[in-house]
2 protein chains.
Amino acid sequence: MTHSEENYLKAIFHIGKGGVNDISTNAIAEQMETKPSSVTDMIKKLSEKNLVNYKKYKGVSLTDAGKSTALSIIRKHRLWEVFLVEKLDFSWDEVHEVAEQLEHIKSEKLIDKLDKLLDFPKYDPHGDPIPDKNGNFKVIDKKLLSELSVNDKGICVGVKDSSSQFLKFLDKNKIALGDVIEVTDKEDFDGSFQLKINANSFNVSNQIASNLFVQITE
Amino acid sequence: MTHSEENYLKAIFHIGKGGVNDISTNAIAEQMETKPSSVTDMIKKLSEKNLVNYKKYKGVSLTDAGKSTALSIIRKHRLWEVFLVEKLDFSWDEVHEVAEQLEHIKSEKLIDKLDKLLDFPKYDPHGDPIPDKNGNFKVIDKKLLSELSVNDKGICVGVKDSSSQFLKFLDKNKIALGDVIEVTDKEDFDGSFQLKINANSFNVSNQIASNLFVQITE
DNA sequence: AATTAAATTTAGACAAAGCTAAAAATTTGT
DNA sequence: ACAAATTTTTAGCTTTGTCTAAATTTAATT
Ligand SMILES: [Mn+2]
Ligand SMILES: [Mn+2]
Ligand SMILES: [Mn+2]
Ligand SMILES: [Mn+2]
């Protein structure tokens, strides 16, 4: 299995959100930042290896083998991210690029030992769940902050956009995973939110609120 | 810089033992387990990039840039080996293959933080020196055990052959780096050595003695 | 010095992964 | 229902790194 094949499987998994939807060639091309014609070529190879189901013009879906491979890559990616933050003092906006490389290291023993060193973490630094050895993970019932109503309260449990820009914005505004967020008001005019976090009041744009996951507490 | 280019530079460095000898195409091919014609192709590319000095039929040597790159790969390789042994409980015969992959991860910050996490180790698990950020390392004055005379004593500081077979043999016989080894007798017949290590007596073949480095103490 | 042997390079091919441009299939809009 | 727009595939080309087989250069032996 090449790096490229692994990246395609991961991309297909992410677009399909773990389900078995039929994924379009163009969607994969966009996610992989490549051309549709290149995607078609790779899909044929993956299909040949029984990692995806493919019928011309009808899109692809992962086979069980393909899904299991994708989950293994995601597991490695997220464990390495935890390692970088917890053991090497990286900040959460710096880990993704390096994890993109580390996720392709092939050694079952390495990843098992790493998992143990980190004390079997269940979530990565961005709140995304880490699959176990068998590809199982718990999906927690989270909502976008933007879906909350006034006076709703929730715990910040993840980010939808994990770009460096957004993460740095959160750092600057002292918003971190685990914080309790209360919606004190919503502005009709621009859809912005008035929040209370750790006794501080914030106003955040609708775009910010649409990229923060919370778990409602009451 | 591709993985393959990095591996060639490393191979050339190892064959030349850090000096600036002219290295033959065949020697590189053997080290890389590839064909001489492939080596010629790669040499041309490296020469184009000013990483090696090359004149047709006359062999190659590393330029300063090439040597510096090679040392950076070796630094990463050996730091990862220390990490695997110290932090993930790998044994010293299991680390090389994984380090061959990890050495190609590109992140200056990663390797600096790793160095710090490991408390700036000077030697890898096989006794090989770890270059610092600037490519400097101390060469300790070590000899092969096979060069010692009867009644010489030395501290075991490294292995020449770091194959899994040899390392496992040492484990089985409880010979480890740091042990004090005394040559109590040499057998003319087969060149084997009678040793005393930690109050135990051993007989080892000449081949074993020719693959253990010691630092003479008296 | 001439011949043979060995080392090295060249020529031509291939697989992987990408690209552009053109063709074909599907979807959309009227 | 049919033309237009969009999506997807195909065809052909490129780069990287490898290979085999043949040619060339250098080294070793008579
Ligand atoms: Mn990530
Ligand atoms: Mn990746
Ligand atoms: Mn090694
Ligand atoms: Mn390597």
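Values below: every heavy atom of this structure, side chains too, minus hydrogens, waters and symmetry copies. Each chain gets a letter, A, B and so on, in the order the sequences are listed, and its residues count up from 1.
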Quick one: is [X] getting a side-chain N or O under 4.0 Å of the [N] phosphate, OP1 or OP2?
| X | N | answer |
| --- | --- | --- |
| Tyr8(A) | dA16(C) | no |
| Lys56(A) | dT10(D) | yes |
| Asn26(A) | dT6(D) | no |

Nearest to side-chain heavy atoms of [X], which nucleotide of [options]:
| X | options | value |
| --- | --- | --- |
| Tyr57(B) | dA25(C), dA16(C), dT26(D) | dT26(D) |
| Tyr54(B) | dT26(C), dT9(C), dT10(C) | dT9(C) |
| Asp41(A) | dT18(D), dT8(D), dG18(C) | dG18(C) |

(request) State whether a side-chain donor-acceptor pair under 3.5 Å links Asp190(B) with Ser192(B). (result)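 Side chains of Asp190(B) and Ser192(B): pair found under 3.5 Å.
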
(request) Look at the side chain of Ser37(B) against the base of dT20(D) and say whether a donor-acceptor pair falls under 3.5 Å; ignore hydrogens and angles. (result)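 For Ser37(B), whose side chain was compared with the base of dT20(D), there is a donor-acceptor pair (under 3.5 Å).
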
Starting from [atom2] on [N], measure out to [atom1] on [X] and report it in whole angstrom.
| X | N | atom1 | atom2 | result |
| --- | --- | --- | --- | --- |
| Glu6(B) | dT16(D) | CD | P | 15 Å |
| Lys55(A) | dA25(C) | NZ | P | 17 Å |
| Asp22(A) | dT8(D) | CG | P | 11 Å |
| Lys35(B) | dA6(C) | NZ | C1' | 16 Å |

(request) Fit a plane to each ring of His126(A) and Trp92(A), take the angle between them on a 0 to 90° scale, and name the class: parallel (under 30°), tilted (30 to 60°) or perpendicular (over 60°). (result)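 Rings of His126(A) and Trp92(A): parallel, under 30°.
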
(message) Check the orientation of Trp80(B) and Phe83(B). Use parallel for under 30°, tilted for 30 to 60°, and perpendicular for over 60°.
(response)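 Perpendicular, since the angle between the ring planes exceeds 60°.
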
Assign [X] to base, sugar-phosphate, or nothing according to its heavy-atom contacts below 4.0 angstrom with the strands shown.
| X | answer |
| --- | --- |
| Lys44(A) | sugar-phosphate |
| Ser4(A) | sugar-phosphate |
| Ser38(B) | base |
| Thr25(A) | sugar-phosphate |

(request) For Lys58(A) and for Met32(A), locate the closest nucleotide of DNA chain C by heavy-atom distance; then report the residue assigned to the nucleotide nearer the 5' terminus. (result)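 On the 5' side of the pair lies Met32(A).
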
(message) When you measure from the side chain of Thr34(B) to the backbone of Ala29(B), do you find a donor-acceptor pair of N or O atoms at a distance under 3.5 Å?
(response)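 Side chain of Thr34(B) to backbone of Ala29(B): no pair is present.
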
(request) Answer yes when Asp119(A) and Lys87(A) have at least one side-chain N-carboxylate O distance shorter than 4.0 Å, and no when they do not. (result)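 Here Asp119(A) does not pair with Lys87(A) in a salt bridge, since their nearest N and O are not under 4.0 Å apart.
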
